[in-house]
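Reckoned from all heavy atoms, side chains included, excluding hydrogens, waters and symmetry mates. Counting starts at 1 for both ligands and their atoms, following the listed order. The model shown is predicted, which means the values in this text are computed figures rather than measured ones.
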Amino acid sequence: MTPNRPSLDLPLLPPVDVAVVGGSTAAVTVAADLARRGLRTLLLHDRSGLGEETAGSLRPPPEDLDRSDPLVAATFEADGPYPVWPGRIKHRLDRALLEAGVEFRFFMRPVAVLEDAEGSIAGLLVAARTSVMILPIRGVVDASRRGVVARLARLPLTAVRTPPPPRLNFLAKAPPAAGLERVETLSDAIETQTRTGPLLTTLFSAELPAAPEGVADAAREFFLRTALLDPAVCLTAETLIETGAEVTGAEGVSLADDASILTQDSFQPRAGLYLLNDLLPLSLAGCTRFARPDVQAAVARALAAQVAETLPRPGEPVALPGGGAGGDYRFSAPFLRRSSGLRSLALSGFESLGRCDVVVAGGGTGGAGAAIAAAREGVEAVALEIQHGLGGVGTLGLIASYYFGNRCGFTTEVDDKLAALDPSFPKANRWNPELKMALYARLLREAGGQAWLGGFAFGVRMDGARLDGVLVSTSYGAGVLECGACVDATGSVDVAAAAGAPCRLIDGNHVAVQGAGLSPRNPEAGYYNSDHTFIDDNDPEDVTCAFVEARAKFTGSFLDTSTFVDTRERRQIRGEFELSPLDFLARRTFPDTVTTARSNFDTHGFTVHPVFLVNPPDKKQLSADVPFRCLLPIGVEGVIVTGLGVAAHRDALPVIRMQADVQNQGFAAGLAAAWSARDGIVVRGIDVRRLQRRLVEAGILEARVLEESDSFPLPQNAIETALANGPVTVHDTAVLFAHEEHTRPRLREILHGDPDEARRLDAALVLGLMGDPVAGPVLEAAVRARPWDEGWNYRGMGQFGKSASRLDALIIALGRTGSGEAAMVIAEKIRTLEDLPDFSHCRALAEAAEALRDPVLAPPLAELLRRPGIAGHARIDMKTTAERANPEWNDNETRNRSLRELHLARALYASGDLDDLGRRTLQTYANDLRGIFARHTRAVLARTGEVAPAASAPRPAAATA
Ligand SMILES: Cc1cc2nc3c(=O)[nH]c(=O)nc-3n(C[C@H](O)[C@H](O)[C@H](O)COP(=O)(O)OP(=O)(O)OC[C@H]3O[C@@H](n4cnc5c(N)ncnc54)[C@H](O)[C@@H]3O)c2cc1C
């Protein structure tokens with residue numbers, strides 16, 4: 001173990017007066033009230049939506065609700081078959097915060113309370129996945145369910161209550177068949193219209209059987225939830241209904257039946273720390289009363305007045321108090337639109353949360369299988385899942401259907417078990433996401449593993465280059481979970497990135513990511529595929545805005561939105577091997593294949609690999625062998641990656657990302673991690689042939705892989721055949737690109753000597769894309785001679801095949817040749833473009849301009865950017881985003897207009913700019929709320945040393961008035 005780090009330089013957020021932690025009606029009311037009093041307030045909630053005690057727990061507001069508080073009246077106005085739809089409550093509470101000028105972030109949680117030099121509370125260390133930031137504060141209101149701030153601040157707590165067993169509310173087509181006690185019916189049958197016709201559901205509440213003795217607090221919810229496995233269930237509540245045993249204060253503290261009679265000291269047990277949850281000294285009756293939103297609002301308003309009067313003025317946060325397991329802690333870099341630089345913080349150590357063999361970070365499509373596989377090997381496996389159920393995209397993401405994929409092995413096992421529970425599944429190729437979520441949990445429990453739901457990895461502890469612990473945040477606090485190996489199944493390689501492995505997300509070259517969605521949720525649980533935006537999972541502001549927008553978008557008749565953002569493309573590792581589309585297009589085999597994935601090119605956007613500028617990807621099914629090395633991050637030991645974050649060119653992802661394949665890949669990663677932990681060898685050191693044999697036995701791999709080696713470079717005759725055929729098929733084109741050294745001289749011969757003009761142009765295109773100047777004159781002539789052809793516009797959903805026209809491809813290739821006349825030829829071409837050009841033409845211009853960097857291009861590009869309708873599409877304000885949300889399901893006009901504007905600005909900027917127009921446009925996009933645009937633009941600006949300006953903060957309502 002390396003010695004303790006005395007201090008860490010961590011990003012500093014702009015200071016606020018008050019941080020409110022939690023998502024209840026009380027949390028929202030106190031935050032809005034404080035902002036109206038002119039205090040800068042930031043609300044942090046570890047879920048995707050507000051109204052935890054009602055919307056989150058599916059608890060209808062009481063019939064005798066006192067609506068005298070305007071926030072309560074506006075939030076709980078009845079307007080649908082269910083007393084008030086959860087999504088509607090969340091949407092109205094989002095709006096209450098936006099109108100009051102309160103900033104808020106979802107999926108963020110404090111992981112430490114920081115003190116100033118005098119020992120007063122002066123800040124919070126807050127985590128968004130594996131990035132942590134220092135938030136200087138004057139005070140904090142702890143309105144979180146389990147009192148996470150109070151626990152982190154080590155307030156003395158005493159267990160004085162004997163609470164009733166926890167309950168779970170759920171919506172179902174019929175009462176649960178078995179396994180639950182004291183089931184109550186909370187509503188009449190509710191009829192809703194679904195895509196398949198009317199549906200009758202009823203809201204039920206059930207008592208949950210106790211969790212096994214001795215399990216960690218953080219694991220309790222997992223064990224409690226495994227009680228329910230029923231195909232009739234359409235939606236289970238995100239939040240369990242339970243009261244804690246503990247309150248603040250010492251033994252003998254008297255408990256009140258009504259929070260409104262508590263003294264100010266009860267609300268403020270320590271200077272700067274205010275309580276607004278059931279750690280208050282309340283009796284069980286008092287807690288039940290405090291669960292009412294009207295009572296919460298009244299108590300919160302009184303507390304806001306108290307906070308405004310008593311808020312201290314601490315000094316700078318300098319230290320994390322206490323001491324725990326020391327070590328070399330590491331985090332990933334956050335994406336911040338506003339930051340106050342870095343601050344050095346003394347970090348003495350995080351508490352130890354114990355040890356297990358394998359930590360699986362992320363219990364999604366890949367992670368659930370990884371945890372089950374590891375646990376079945378007899379090792380102690382803990383899955384950390386930020387959501388409140390397993391399965392990720394395929395369950396809480398509502399993508400409850402297979403699309404292609406190689407359905408074998410572990411996937412078949414899961415399918416057979418699902419089919420046994422719900423015979424309608426195999427016929428329809430659609431599953432009930434609640435059922436699959438519960439099935440994963442059952443399988444994990446049966447294998448002896450566990451999950452910490454609502455728990456997330458927020459950093460790592462390293463021993464040299466080897467990860468030896470994962471920093472975990474739960475509703476009960478934060479600490480280090482030591483482990484023998486970690487499967488990073490976060491889909492966005494949160495753990496590998498924190499450990500320092502080189503990663504890629506988006507750079508200055510391309511803003512091409514496959515579209516993201518956030519589905520509405522209907523009582524008919526099922527499959528809701530969507531693709532209307534771009535979302536960066538690791539950007540909390542973007543993720544928060546995506547939920548706010550989706551709730552404004554789907555206010556129609558929907559129950560809620562999914563609690564999960566469905567991103568198809570995320571941060572990836574740079575692996576020991578990076579799978580290229582050339583590999584599977586040219587049918588490459590490997591010595592270390594661990595899965596054989598199957599899909600067509602469901603690209604949901606545009607491709608960037610040059611092979612597809614010559615021949616667009618085909619709709620046909622392809623098979624792709626994925627080597628073990630794609631799962632291994634460079635330079636870091638103790639971590640294996642699975643799912644969307646594996647090392648693969650982004651254009652290879654559409655073929656290897658299908659759920660059937662990710663489930664099997666997760667299973668393989670879980671086995672490898674278990675063997676590594678059990679045998680005490682690094683993951684990359686395991687016997688891969690042995691792993692393959694095991695995967696053959698499990699039905700995941702075909703036996704042929706045991707005999708295979710790397711088939712590249714292809715034999716001479718295969719390359720000759722591709723050359724003879726020319727770049728006519730995508731297979732032959734892939735062979736040419738994959739063997740560039742060999743094919744380049746032969747292509748030059750064709751360019752200069754082939755009698756066939758079409759063959760000469762094909763050769764020029766391939767050579768140009770390889771950056772060969774020799775192709776310049778032929779490409780110049782071709783671009784000059786051709787009128788603009790039909791371009792390509794981003795649609796996303798169901799979009800396959802070509803994403804650039806022939807002329808676009810020729811322009812990009814011409815740019816890469818750097819030929820003398822290229823800029824002039826392209827400038828002429830721009831002047832002939834229609835008023836609102838297709839996106840692919842703008843992209844081609846941006847790529848050519850960036851290769852050429854010639855001022856001759858600036859005037860026509862500036863003229864284009866100034867045309868009506870082209871500019872002004874950046875999204876920089878959450879409130880306006882919500883107000884302008886387009887109700888159409890998969891509308892992506894906003895995204896597409898931004899893409900065009902951004903590419904033209906990029907082209908102009910690269911050409912030396914005119915009137916500062918390109919730079920100003922990019923500066924605006926550098927703070928776009930869609931993190932993908934913001935990151936890309938910052939990378940473009942950074943090439944010339946430009947720094948993005950800080951975004952402006954929303955101002956409290958009182959200050960604005
Ligand atoms: C909109 C959409 C539609 C799709 N359509 C289909 C389809 O029709 N058919 C098909 O087969 N495939 C489809 N796919 C592809 C497929 O669903 C995904 O590629 C696959 O599910 C990704 O699996 P994963 O394990 O990498 O990620 P996920 O399933 O997202 O799992 C990652 C998990 O990690 C958790 N997590 C993240 N960070 C942390 C952290 N720091 N700590 C703890 N937990 C964390 C997340 O909450 C999540 O549960 C679709 C994908 C999307 C996004």
Quick one: which ligand 1 atoms are inside 4.0 Å of a heavy atom on L644? 19 (O), 22 (C), 26 (O)

Can we call the ring centroids of F350 and F458 under 6.0 Å apart? yes

Answer yes or no for Y527: is there a heavy-atom contact with ligand 1 below 4.0 Å? yes

Proximal ligand 1 atoms for R129, defined as those under 4.0 Å from one of its heavy atoms: 37 (C), 38 (N), 39 (C)

Salt bridge (charged side-chain N to carboxylate O under 4.0 Å, His left out) pairs touching residues 402-412, sequence neighbours excluded, are R407-D415

If we only consider heavy atoms of G517, is any one of them less than 4.0 Å away from an atom in ligand 1? no

Quick note on ligand 1: atoms under 4.0 Å from a heavy atom of S530 include exactly 1 (C)

Judged on heavy-atom distance to atom 2 (C) of ligand 1, which of H388, R568, R430 sits nearest? R568

For atom 11 (O) of ligand 1, tell me which residue out of H604, R570, Q659, Q665 has the closest non-hydrogen atom. Q659

Classify the side-chain pair T563/Q387 by whether it contains a donor and acceptor separated by less than 3.5 Å. yes

Need the ligand 1 atom indices (1-based, order shown) with element for anything under 4.0 Å from a heavy-atom of A489. 31 (O), 32 (C), 33 (C), 34 (O)

Can you list the ligand 1 atoms lying under 4.0 Å from a non-hydrogen atom of M658? 10 (C), 11 (O), 12 (N), 13 (C)

Mind checking salt bridge (charged side-chain N to carboxylate O under 4.0 Å, His left out) for E221 and listing every partner two or more places apart, or none if nothing turns up? R225

